[in-house]
Amino acid sequence: MGSRDADIDFAFTSPTSVCAVLDALAGAGWSAATAPGGISYMINDAADMYEWYDTTPDGIGEALALLDEPGNLPYTVAVNVYHPEAGTGGMLMFLPGRTDVSFMPTMDRRHIPAAPEFTDLAWYLHALVPALVTAGLEGYEAKEIRY
């Protein structure tokens, strides 16, 4: 059948920060601490190298400061998020300028029960959009692509 990718692209009214988005999502049960308790984040630097880093929950403050550093505004940064109660998570990717943020369900992706080959994008929209509205969400586009 081939592989499938799903993502939700969010547009914000003004530049946002990783901290602002994580703060909004925390109220909806999301966390940057993924099972088994580590935090993974990425910075695409001037050399166009997508470098992933891991830290413990104690290092979240330092990681967020680095991701939101003004010098990283022209680069793509990302952080993995997890919803422990739902048992699913994914990657939040913040594009240069920080008005566009993408979410890709990459951890224990939820599927539509009657059509398990498809991602349950409706579940992710319900779990993400209300919280992100409080952080200045302007709109979104959700899609699933088969390769």
Side-chain angles (χ1 to χ4, degrees), residues 3-45 50-146:
S3 64
R4 301 186 84 83
D5 285 329
D7 75 29
I8 304 170
D9 299 323
F10 297 106
F12 289 83
T13 55
S14 59
T16 190
S17 68
V18 176
C19 281
V21 169
L22 289 180
D23 284 347
L25 292 177
W30 294 90
S31 170
T34 59
I39 296 167
S40 295
Y41 61 98
M42 182 275 298
I43 299 172
N44 177 23
D45 60 17
Y50 286 83
E51 295 289 333
W52 280 92
Y53 304 93
D54 294 314
T55 188
T56 63
D58 292 341
I60 186 71
E62 185 177 324
L64 293 177
L66 185 60
L67 293 170
D68 284 337
E69 196 172 88
N72 284 326
L73 192 58
Y75 306 114
T76 299
V77 300
V79 64
N80 285 332
V81 293
Y82 193 70
H83 195 294
E85 184 179 318
T88 188
M91 178 178 57
L92 281 171
M93 183 175 286
F94 295 75
L95 302 176
R98 304 295 186 270
T99 56
D100 296 313
V101 177
S102 293
F103 173 79
M104 283 76 63
T106 57
M107 291 177 267
D108 300 316
R109 183 185 306 209
R110 294 180 74 97
H111 297 278
I112 298 172
E117 66 274 17
F118 289 97
T119 304
D120 191 350
L121 286 169
W123 184 91
Y124 289 101
L125 290 170
H126 284 278
L128 294 164
V129 169
L132 294 177
V133 166
T134 66
L137 181 66
E138 182 176 51
Y140 66 84
E141 179 181 6
K143 59 186 170 252
E144 180 155 342
I145 300 167
R146 180 177 165 230

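Remember, it's a predicted structure, so these values are computed and weren't measured experimentally.
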Say you draw a straight line from NE2 of His83 to CE of Met107; how long is it, rounded to the nearest 0.5 Å? 12.5 Å

CA sep, side-chain torsions, deciding dist, call: Trp52, Asn80, side-chain contact (heavy atoms from CB on, under 4.5 Å): CA-CA 10 Å; Trp52 280 92; Asn80 285 332; 3.9 Å; yes

Any donor and acceptor pair, going by atom type alone, linking the side chain of Trp30 with main-chain N or O of Leu128 inside 3.5 Å? no

Interatomic distance, OH@Tyr124 vs OG1@Thr88, rounded to 0.5 Å, equals 2.5 Å

With a 3.5 Å distance limit and no angle check, can you tell me whether Asp68 reaches the backbone of Val18 through a side-chain donor-acceptor pair? yes

Give me each pair satisfying salt bridge (Lys or Arg N to Asp or Glu O under 4.0 Å) with a member in residues 77-104, each pair once, sequence neighbours excluded. none

Chi angles and distances behind the side-chain contact (heavy atoms from CB on, under 4.5 Å) call for Lys143, Asp7: CA-CA 6 Å; Lys143 59 186 170 252; Asp7 75 29; 3.4 Å; yes

Just wondering, more than 12 heavy atoms not from Glu51 lying within 6.0 Å of its CD? yes

Note: Pro15 and Thr99 closest approach over all heavy atoms is N-CG2, 3.5 Å

Return the OG1 to CD1 distance between Thr55 and Ile60, rounded to the nearest 0.5 Å. 8.0 Å

Do you know which two heavy atoms are closest between Gly29 and Pro84, and how far apart they sit? O-CD, 3.3 Å

Side-chain contact, heavy-atom cut-off 4.5 Å: Trp123 with Ile112? no

For Ala20 and Ala135 the tightest heavy-atom approach is O-CB, 4.4 Å

Between Ile39 and Thr56, the two heavy atoms sitting closest are CD1-O, 3.7 Å

Here the gap from Phe103 atom CZ to Leu121 atom CG, rounded to the nearest 0.5 Å, amounts to 9.5 Å

Taking the side chain as every heavy atom from C-beta outward, state whether Thr16 and Phe10 have any pair of such atoms under 4.5 Å apart. no

Do you know the tightest heavy-atom contact between Gly90 and Thr106? CA-OG1, 3.4 Å

To the closest 0.5 Å, what do you measure between CG (Leu92) and CE (Met42)? 11.0 Å

How about Thr76 and Met93: do any of their side-chain heavy atoms sit closer than 4.5 Å? yes

The reported gap from CG in Leu22 to CG in Leu64 (rounded to nearest 0.5 angstrom) is 6.0 Å

Heavy-atom nearest pair, Ala28 first then Ala131, reads CB-CB, 4.0 Å

Looking only at the side chains, is there a donor atom on one of Ser40 and Asp54 sitting less than 3.5 Å from an acceptor on the other? yes

Within-4.5 Å side-chain heavy-atom neighbours: Asp120 and His111: no

Restricting to side-chain hydrogen bond (donor to acceptor under 3.5 Å, both in side chains), what partner residues turn up for Tyr41, sequence neighbours left out? none

With side-chain contact (heavy atoms from CB on, under 4.5 Å) as the test, would you mind laying out the steps for Val21 and Phe12 before giving the verdict? CA-CA 10 Å; Val21 169; Phe12 289 83; 4.2 Å; yes

Sorted by chain and number, sequence neighbours left out, side-chain hydrogen bond (donor to acceptor under 3.5 Å, both in side chains) with Ser102 holds for Asp9

